[in-house]
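Inspection log for the structure reproduced underneath, given as structure tokens.
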Amino acid sequence: MNKEFKIVQVIVNNNSYQTDKLFDYEIPTHLYNKITRGMRVMVPFGRGNQRLEAYVFNVTTSSAKDMKLKKVLAVIDEQPILSEHQLRLAFWMKNQYLCKYIEAIHCLIPKGMINKERKLIILVNNQWDTLISPSQRKLKNILTTINDLGGKVYLDLLMQHVDYKEINDAIKTLLEKNIIDIKYEFNSKINIKTERYVYINVKDNRWNEVLASLKNAKKQKVSLEILKQQGECSVKELLYMANTGMTTLNSLKDKGYIGFMDVEVKRDPFANKSFSAFPKPVPNKEQQMAIDRIGNSIKNNINDRYLIHGITGSGKTEIYLQLIEKVLEKGKQGIVLVPEISLTPQTVSRFMGRFGDRIAVLHSSLSDGERYDEWRRIAMNEVDIVIGARSAIFAPLKNLGIIIIDEEHEHTYKSDQTPRYMATDIAEYRSQLENTVLVLGSATPSMETYHKALNGKLDLITLTKRATDAKLPHIEVVNMTEELELGNTAVFSSQLIAAMEENLKNQKQTILFLNRRGHSSVISCKSCGYVLKCEHCDITMTFHRTDERLKCHYCGQMKHVPAVCPSCNSDSVKYSGTGTQKIEDLVKHYLPTARIMRMDMDTTSRKGSHEKILESFKNQEVDILIGTQMISKGLDFPNVTLVGIISADSALNLPDFRAAERTFQLVTQVAGRAGRGLEEGRVILQTYEPNHYSIIASRNHDYEKFFQDELIIRKEFYYPPFTNLILLNFSGKDEKTVDYAANSVANHIKYILNSQGYNTFDYNILGPNPSMISKIKENYRYQILLKDVEVPFGLLKKAVKYLLIDNRNKYIPQNLTCSIDINPFTII
DNA sequence: AGCACGCCGACT
DNA sequence: GTCGGCGTGCTC
């Protein structure tokens, strides 16, 4: 007789393709009413009944007794940790990006929330040497190690001390012999941050007696008296007030007069910063129209999607602020994505200034603990606005009214780890699912987005005027080929030097932009032409002036410049390929009186250094700011009247379908830093290709023209927005294996397509080829690019899923990694 | 992934 | 005949 029983269908927290499916577990009767979708439970898994955290996707009943189900061990959450929307999002992500359920789930909840069990090995029988035979050297070694480590040790730590492959066998034998015991502990990776507090432990009637006993211990007496006044306070405060050290307090504790306790404190990443209220300016006509139009969608709860295409300085941020205000008035919440928070502190502070403390800021440089705290604040409904980088799109707001993505075209919205999601895609899906307004904003929208806008999939709002009525800067293109012909072989054109001098004289500020850090990126031999490369990567090493060494920007390896050429023993070294450090040296040489600062990854590695540099630039303690990409965004300094773009070509010549688009965007963004104040800005753009359509269009501030020119090329060569791409990356230590596997996968894809009646592969299967950088960190890299040309995208995805997911172990050897990137940002 | 099972060479 | 390394296959 079959009786009905309740079961759950769960995804286990196990990151492998083979366990990436729903598993059924029986719910024991005592947990019948405690489990709903979206909660986490503990389940026994696998032959060893390893205890795993699992995510409940379904709760149903079953009467089928054909398979013996294991039972849920315990429930972790009282409330679902994943909402219905989030469960659907996870499901959608899996299909969209061909990732695992668990990878999608890990996007949705912070690291600190995920429990993994740690095994604590405890030695329980000290007479163990009598229980094992002398030949069992491995067991003996393990036991002595545990003993040396104090009789108990976590298994993962033990594994670091002893070097046995199959340590689990040994542990199992020892457990059977009752020599050791295993305790399972949750490693909550994030410790709840606590602060030690002191409290007084002396009853009033003994007070005088106690004080008298301390007459020879002045510091202790003072401390105790202060503590009596305060009631209780943190150890830190007491030490400060009593001007004493921990030994004083410890002796008080030993005497039993005081006690310690740990109190949870919330980490506040903005603890040391204050934000002044940001005044609300009156919008100009264009801004007001945008606010009214989008405001209408907000008012009527319509899932409308907008693209605000506004020139640099057109005041998009102010529009966002006022839209958020409308959303808050409706009692709803908003997400604002910015490309990279640390690069746009001004935007963040404007939001903080306007909306105060019901904001959560999700920094990329937050510690896991800080991130966890912010996530909990959001989940517990303590905030209404989340502002953050890419991952903030997953913020667990429950009553979302608007999603705003600023600088929509930025590559930082594409994740660089699996799942390689695009935050704008997630935003689009989320806005649909949760019926919210979506606003994308950019001065230089991506080709895909603008194409959508022209096809009516997004409502286009165009802003043509700068908010403060400032004019767009005048861009002068300097043809470096002509400079060369005139005999100027220097990095700076005569125009740029002259303009910099003039600016310095007039006490105006200058920004110099070059998208390459370091000093010289190519170190070669003058006599034989040998180019120095990293030993582990297929890439030239960059010379860094600051530590006089060569550095590989891919694996980080550093080494000294060889005294002689490894190939021909000549001692003449050529430093070519200009980086920001060289620019810094050159400017110092040309303009010795200028105060210079450099901003790139090398000068901003320490926390807070961004802000410091920008602060001193803002305070006009710096005349010339030299920087890479990171100075191209969001900086708004009125005194900057000159921007020099050292070379517009470096991005242009990359073998990537987005090269022209990136160049246009970069030039426009960087140029937009000039002339934001009262005076008209001036931009000097140096290039060897002054007639390239992206250079001409950016000089004329003509996005439309650029878009139309580029669109023709995209269509001709079958690239987005006309196609979808799938990039398969293969990498491994053995080049032959990588090559073979990539070829085999490509052939199987052809075979599958063929079986469906498609038999030309010239445009839809490109490669396999060695990647642009064919080796990184000793790993050889190959890639296959798939395009949905004459083949449905769905079929390509199906083929990839079949080969690389469902039957992965058949096609991908163990010692090789293969990643899937749906619609990659670059194909380099 | 992580675990157990089972095979096989090496070593008492 | 064991010990211990390694490949294989399964997980509700």
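So you know, we letter chains A, B, ... as the sequences are listed, proteins then strands, and number each from 1.
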A:Asp24 has its side chain closest, among C:dC12, B:dC5, B:dC3, to C:dC12

Charged N to carboxylate O under 4.0 angstrom, A:Glu117 versus A:Arg51?
yes

Rounding to an integer number of Å, can you tell me how far A:Lys172 NZ sits from B:dA4 C1'?
7 Å

Rounded interatomic separation in angstrom, taking CD from A:Gln50 and P from B:dC3:
5 Å

Report yes if at least one side-chain N or O of A:Asn168 is closer than 4.0 Å to OP1 or OP2 of B:dC3; otherwise report no.
yes

Under-4.0 Å salt bridge between A:Asp20 and A:Lys94
yes

Using modelled atom types only, decide if a donor and an acceptor are shared between the side chain of A:Ser774 and the backbone of A:Arg781 within a distance under 3.5 Å.
no

Quickly work out the A:Ile102 CD1 to C:dT11 P distance and round it to whole Å.
19 Å

What's A:Gln9 touching, base or sugar-phosphate or nothing? Going by heavy atoms closer than 4.0 Å.
nothing

Side-chain N,O (A:Lys140) to OP1/OP2 (C:dC3) below 4.0 Å
no

Between N or O atoms, less than 3.5 Å apart, protein on one side and nucleotides 4-6 of chain C on the other: list the pairs.
residue: C:dG4; atom: OP1; partner: A:Arg137; partner atom: N; Å: 3.3
residue: C:dG4; atom: OP1; partner: A:Lys138; partner atom: N; Å: 2.9
residue: C:dG5; atom: OP2; partner: A:Lys138; partner atom: NZ; Å: 3.2

Taking 4.0 angstrom as the limit, do A:Glu374 and A:Arg371 come out as a salt bridge?
no

Could you state the CG-C1' distance from A:Leu52 to B:dC3, rounded to the nearest angstrom?
11 Å

Salt bridge or not between A:Arg390 and A:Asp416? Use side-chain N to carboxylate O under 4.0 Å.
yes

Tell me the interatomic distance from A:Tyr17, atom OH, to C:dG9, atom P, rounded to whole angstroms.
21 Å

Side chain of A:Arg47 only, heavy atoms from C-beta on: which candidate in B:dG2, C:dG9, C:dC12 is closest?
C:dG9

I want to check one thing: is the phosphate of B:dC3, taken as OP1 and OP2, less than 4.0 Å away from some side-chain N or O of A:Lys119?
yes

Between A:Lys414 and A:Asp821, does at least one N-O distance fall below 4.0 Å, as a salt bridge requires?
yes

Specify the separation, in whole Å, of atom CG of A:Asn809 and atom P of B:dG2.
17 Å

Kindly assign one of parallel, tilted or perpendicular to the pair A:Tyr429 and A:Trp92, based on the angle between their ring planes and the thresholds 30° and 60°.
parallel

note: A:Tyr25, atom OH; C:dC12, atom P; distance rounded to Å ~ 4 Å

Taken to the nearest whole Å, CG/A:Asn14 to C1'/C:dC12 is 13 Å

